[in-house]
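Taking it in order: structure first as structure tokens, then the write-up.
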Amino acid sequence: MGTAKLYVLFLYSLLLFSAVTAAELCNPDDKNVLLQIKQAFNNPYLLASWKSDTDCCTDWYQVECDSTTNRIISLTIFDGELSGQIPDVVGNLPYLQTLEFRHLSDVRGSIPTTVSQLSNLKLLRLSYLNLTGSIPPSLGNLTGLTFLELSSNDLTGAIPSTLSSLENLDAIHLDGNQLTGRIPDSFGFFNGKVPDLYLSGNSLTGPVPTTLGKLNFTTIDLSRNLLTGDASFLFGKNKALQQIDLSRNLFEFDFSKLDFPAGLTNLDVNHNKIYGSLPQDLTELNLQLLNVSYNNLCGMIPQGGKLQSFDQTSYFNNRCLCGSPLQACSK
Ligand SMILES: *[C@@H]1O[C@H](CO)[C@@H](O)[C@H](O)[C@H]1NC(C)=O
Ligand SMILES: *[C@@H]1O[C@H](CO)[C@@H](O)[C@H](O)[C@H]1NC(C)=O
Ligand SMILES: *[C@@H]1O[C@H](CO)[C@@H](O)[C@H](O)[C@H]1NC(C)=O
Ligand SMILES: *[C@@H]1O[C@H](CO)[C@@H](O)[C@H](O)[C@H]1NC(C)=O
């Protein structure tokens, strides 16, 4: 072969080589943002696969690219050692549908308000972290969200009323924080879907807004707060309610006046100031869990249905409940 021919061959193979390397799918803007996130957490071992010379769509863990646009649609970092704050640049992944930081050792600081720019977001889970500060009201702009979980952090302040704008939510988990103030009135006006509501383990005060009685919730967990007054309007014959946990609050209402939805399976009201007696209708329910202990209830426990399948701890420490599985009523 002549030198010229060899040179052409060399050039050709160079071209071919660069064509192969140019086939990186990862969008350069997305890659840049992800590398900034990695840097914000001090290049942790957990994100070791995020390398500038590899393709984020094919070689990186914890992320997912859309198969047609090749834009990052999912960022899920969980179960591991990660130390630092979630950086504001996370808001610059405009195609993101799923964002999860969960069960990580040392993720602190506040929820970046830039998350509210992620208008394609469907699932947001920032849970089992050490996040502080309040919940950004602007999260209510993420109307495509079907799942919102901010559980088990150290979040403070009131629940933003704007969250009721999230009309596609299947569930909202704000449990295990230090949220204060009242449950917003707006939570009786989720237009669209009625989400499962998990607000337990906060420091919420005041009465439950009666507006919540208008909505057809399936699951309500308000346990372990400082809520007061009446909650009987959450019940009702024609409701979809299946699970309700009001335990460990300061609720005070007449239990004998409750109308139970036919599909109710879990009813926990332990540790409140509920009075009255247990209605006979309870025997018609297919209950899997019943706990009315530590209240001011009185009278005979109705006999039948599932009611005697629970042990005495479901009923004990009331004012004067009696009958199986507690002691017989005295005449
Ligand atoms: C961080 O959160 C975890 C559990 O969510 C908790 O066990 C740990 O004590 C927290 N760390 C600090 C410094 O608050
Ligand atoms: C997002 O929400 C905030 C506060 O709820 C509001 O002031 C702002 O106008 C909203 N932004 C957009 C782009 O809708
Ligand atoms: C609530 O939902 C149930 C079951 O989906 C339905 O049968 C009932 O009519 C609804 N009730 C109200 C008050 O909207
Ligand atoms: C009912 O609640 C009380 C108080 O928390 C608890 O001691 C008891 O074990 C519970 N019983 C059942 C069956 O859930």
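Each ligand, and each atom within it, is numbered from 1 in the order the structure gives.
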Nearest to [atom], what protein heavy atom do you find, and at what distance?
{"atom": "atom 5 (O) of ligand 1", "value": "Leu129 O, 3.8 Å"}
{"atom": "atom 2 (O) of ligand 3", "value": "Asn216 ND2, 2.4 Å"}
{"atom": "atom 4 (C) of ligand 3", "value": "Ala240 CB, 4.0 Å"}
{"atom": "atom 1 (C) of ligand 2", "value": "Asn141 ND2, 1.6 Å"}
{"atom": "atom 3 (C) of ligand 1", "value": "Asn130 ND2, 3.7 Å"}

Exercise. Got an N/O contact under 3.5 Å between Ser105 and ligand 1?
Worked result: no

Exercise. Below 3.5 angstrom, do we get any N/O pair linking Asn238 and ligand 3?
Worked result: yes

For this session: Would you check if the distance from the ring center of Phe316 to the ring center of Tyr294 is below 6.0 Å?
Result: yes

Exercise. In terms of SG positions, are Cys65 and Cys26 separated by less than 2.5 Å?
Worked result: no

Exercise. Is the shortest side-chain N to carboxylate O distance from Arg71 to Asp30 below 4.0 Å?
Worked result: yes

For this session: Measure from NZ or CZ of Arg102 to the centre of the six-membered ring of Tyr128 and say whether it is under 6.0 Å with the direction within 45° of the ring axis.
Result: no

Exercise. Should the pair Trp50 and Trp60 be assigned to parallel (<30°), tilted (30 to 60°) or perpendicular (>60°) ring geometry?
Worked result: parallel

Exercise. At a 4.0 Å threshold, what atoms of ligand 2 neighbour a non-hydrogen atom of Ser138?
Worked result: 2 (O), 5 (O)

For this session: List every atom of ligand 2 that sits less than 4.0 Å from any heavy atom of Pro137, numbering the atoms from 1 in the order shown and giving each element.
Result: 5 (O)

Problem set entry | Atom pair CG (Asn120) and OG1 (Thr98), whose distance is rounded to the nearest 0.5 Å | 11.0 Å

Exercise. Counting only heavy atoms on the protein side, is anything nearer than 4.0 Å to atom 11 (N) of ligand 3?
Worked result: yes

Exercise. Any protein heavy atom lying closer than 4.0 Å to atom 7 (O) of ligand 2?
Worked result: no

Exercise. Can Gln178 and Asp154 be counted as having a side-chain donor-acceptor contact under 3.5 angstrom?
Worked result: yes

Exercise. So Gln242 and Thr218, side chain to side chain donor-acceptor pair (under 3.5 Å) or not? Walk me through it.
Worked result: CA-CA 5 Å; Gln242 292 170 6; Thr218 309; 5.6 Å; no

